[in-house]
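Encoded as structure tokens, the structure appears first; notes follow it.
Counting starts at 1 for both ligands and their atoms, in listed order.
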Amino acid sequence: MPGGGAVPITGTTDVSRVEAPVTVRAYLIVAFAAFGGIFFGYDTGWMGGVLNMDFFIKQYTDAEYPDVKFPNLDPLDPVVVDYRNTIFSVPSWQQSLVTSILSAGTFFGAIIAGDTADFIGRRLTIILGCLIFIVGGILETASTGLNVMVAGRLIAGLGVGFISSIVILYMSEIAPKKVRGAVVAGYQFCITIGILLANCVVYATQNRRDTGSYRIPVAVQFLWAIILAVGLALLPESPRYWVKKGKLDKAAAALGRVRGQPLDSEYIQDELAEIIANHEYEMSVLPQTSYLGSWMACFKGKITKPSSNARRTTLGICMQAMQQLTGINFIFYFGPVFFQQLGSISNPFLIGLVTTLVNVLSTPASFVMVEKIGRRPLLVFGAAGMVIMQFIVGAIGATAGKNTADHPANPNATRAMIAFICLNISVFATTWGPCAWIVIGEIFPLTIRSRGVGLSTASNWFWNCIIGIITPYLVADRADSARMGSNVFFLWGSLCCVSFLFAFFFVPETKGLTLEQVDQMLEETTPRKSRAWKPHSTFASEMHLAEKNISVPVETVETKREGSAV
Ligand code: BGC
């Protein structure tokens with residue numbers, strides 16, 4: 001539309017026209033953002049391995065290498081094993097500190113990012129997260145002792161907190177409704193690849209006797225930060241952010257680019273109209289007047305009402321807590337030690353690698369399942385599946401798989417337990433793994449979305465940290481532990497029963513709807529009936545947008561590129 005002027009934003013009454021058709025380029029834009037998952041996985045994955053590296057332990061304890069101190073003894077000789085257990089190991093409190101300080105950083109990072117994403121935008125918040133992460137990474141790499149490492153982990157954690165929450169927000173806001181679930185599942189896929197990569201890099205450097213042993217795994221992370229920051233610098237901002245800011249020209253420009261459509265396309269105008277009308281509606285229900293008020297808004301309304309902000313925030317926070325309480329990270333964090341305890345396993349690290357591989361290979365099935373079957377059934381049946389798998393592992397461990405002085409481990413029973421643990425991972429990877437992230441990106445209205453996603457992500461990291469801290473006290477073979485052994489699977493299985501009930505009663509179906517339609521659905525139905533709900537009117541018609549004379553200046557629309565290249 002040459003020559004300037006303004007495009008009127010009137011909206012449509014046709015519910016099938018509230019989202020523009022999508023091009024391949026638009027798919028590529030959202031797929032790229034999923035790359036942020038690599039951070040999440042890699043950063044949680046490398047520390048455990050590094051803590052067991054001889055060079056790292058020597059640096060932290062100043063004790064002599066076991067093979068230098070006992071040159072004539074076999075590494076499995078009880079004297080050497082005892083030396084490793086008592087003197088040549090990073091003290092437990094230091095292990096807990098360097099591991100859990102990351103989660104502390106991520107917890108606060110996710111909450112702070114919920115704020116910054118509304119002030120400076122989703123894209124810049126992610127880029128800022130990458131920069132903070134690089135500062136933390138530099139300290140981690142430079143460190144030769146506890147203090148600098150702890151400071152580095154805390155700062156890197158802040159960065160990961162920024163990235164892990166706002167990537168979900170950004171992807172959910174720009175993805176086309178038909179594939180929104182699949183692309184966020186792509187983020188989960190990247191998390192699993194990150195965990196696998198961390199395991200592989202640590203495996204490759206663990207026997208080095210120089211600083212490269214831990215500096216290489218730590219430094220590899222700079223690559224992820226640079227790729228994500230540069231990529232994001234080229235991508236468009238979320239159009240929903242610009243609508244929230246009242247910058248409709250920028251919103252139209254960004255929407256045109258994420259949909260790969262010309263700006264004067266009626267589709268773009270109709271989709272923009274719907275986002276604007278929905279935001280106007282939300283603001284009319286709950287006006288936000290102050291900074292504090294905008295945080296308080298997350299907890300406003302009756303918890304019994306599915307559409308209230310209080311209910312949605314609670315849903316997001318509980319969703320992420322439940323995901324962690326499935327016990328999945330018990331396997332990833334504590335796997336090698338647990339497999340060792342089962343007896344009759346010669347290489348527990350290899351089994352650990354197999355479990356991470358099963359996680360990676362199972363996840364892609366979820367790309368299709370979340371869109372065909374839907375989020376709600378996957379969460380309900382996924383929880384049920386994990387109850388069954390984990391109870392079977394617990395039952396075998398308590399009977400044929402028992403490994404005690406009077407009942408030596410039965411190799412077949414051990415194999416069966418590992419097989420069911422792998423099946424359990426597959427169920428998680430196709431259900432609760434991706435769906436917990438998908439749902440938190442979809443359930444919040446624009447007015448509180450960035451804070452809601454931030455709080456939910458912080459809940460994930462909070463429980464992640466709790467699991468990391470308590471697990472050794474549940475299963476480790478030491479005096480201060482409950483020594484639950486494989487009975488711990490009865491605990492995770494029981495918690496999955498709670499997840500099952502939670503999903504059945506509280507999680508709505510959001511597949512195939514725009515984020516604005518999700519809002520309408522929550523207003524009009526209950527989680528259990530949500531699958532049958534169909535969009536029947538548009539926000540633009542209900543808010544009488546056509547009468548409000550909203551228009552977008554065309555010159556600005558056509559010339560502004562937001563400084564980005566895609
Ligand atoms: C969870 C992580 C977990 C990973 C395993 C993610 O969705 O939030 O805590 O380690 O899945 O794939």
key: Which residues share a side-chain hydrogen bond (donor to acceptor under 3.5 Å, both in side chains) with N424, sequence neighbours left out   = none

ask   = With T431, which residues qualify under side-chain hydrogen bond (donor to acceptor under 3.5 Å, both in side chains), at least two apart?
value = none

query = Got a salt bridge between R449 and D519, using NZ or NE/NH1/NH2 to carboxylate O under 4.0 Å?
reply = no

key: Geometric cation-pi criterion, R376 with F504: 6.0 Å, 45°   = yes

Quick check for students: name every N or O atom pair between ligand 1 and the protein closer than 3.5 Å, with distances.
residue: ligand 1; atom: 7 (O); partner: Q188; partner atom: OE1; Å: 2.6
residue: ligand 1; atom: 7 (O); partner: Q188; partner atom: NE2; Å: 3.4
residue: ligand 1; atom: 7 (O); partner: Q323; partner atom: NE2; Å: 2.8
residue: ligand 1; atom: 7 (O); partner: W437; partner atom: NE1; Å: 2.9
residue: ligand 1; atom: 8 (O); partner: Q323; partner atom: OE1; Å: 2.8
residue: ligand 1; atom: 8 (O); partner: Q324; partner atom: NE2; Å: 3.3
residue: ligand 1; atom: 8 (O); partner: N460; partner atom: ND2; Å: 3.0
residue: ligand 1; atom: 9 (O); partner: Q324; partner atom: NE2; Å: 2.9
residue: ligand 1; atom: 9 (O); partner: N329; partner atom: ND2; Å: 2.8
residue: ligand 1; atom: 10 (O); partner: N329; partner atom: OD1; Å: 2.6
residue: ligand 1; atom: 11 (O); partner: Q188; partner atom: NE2; Å: 3.1
residue: ligand 1; atom: 12 (O); partner: Q188; partner atom: NE2; Å: 3.3
residue: ligand 1; atom: 12 (O); partner: N359; partner atom: ND2; Å: 2.8

task = Can you spot which of I440, N464, T313, I317 makes a side chain to side chain contact (heavy atoms under 4.5 Å, CB included) with S459?
result = I317

Review item, side-chain donor-acceptor pairs of residues 387-395, under 3.5 Å, at least two apart:
residue: Q390; atom: NE2; partner: T326; partner atom: O; Å: 3.0

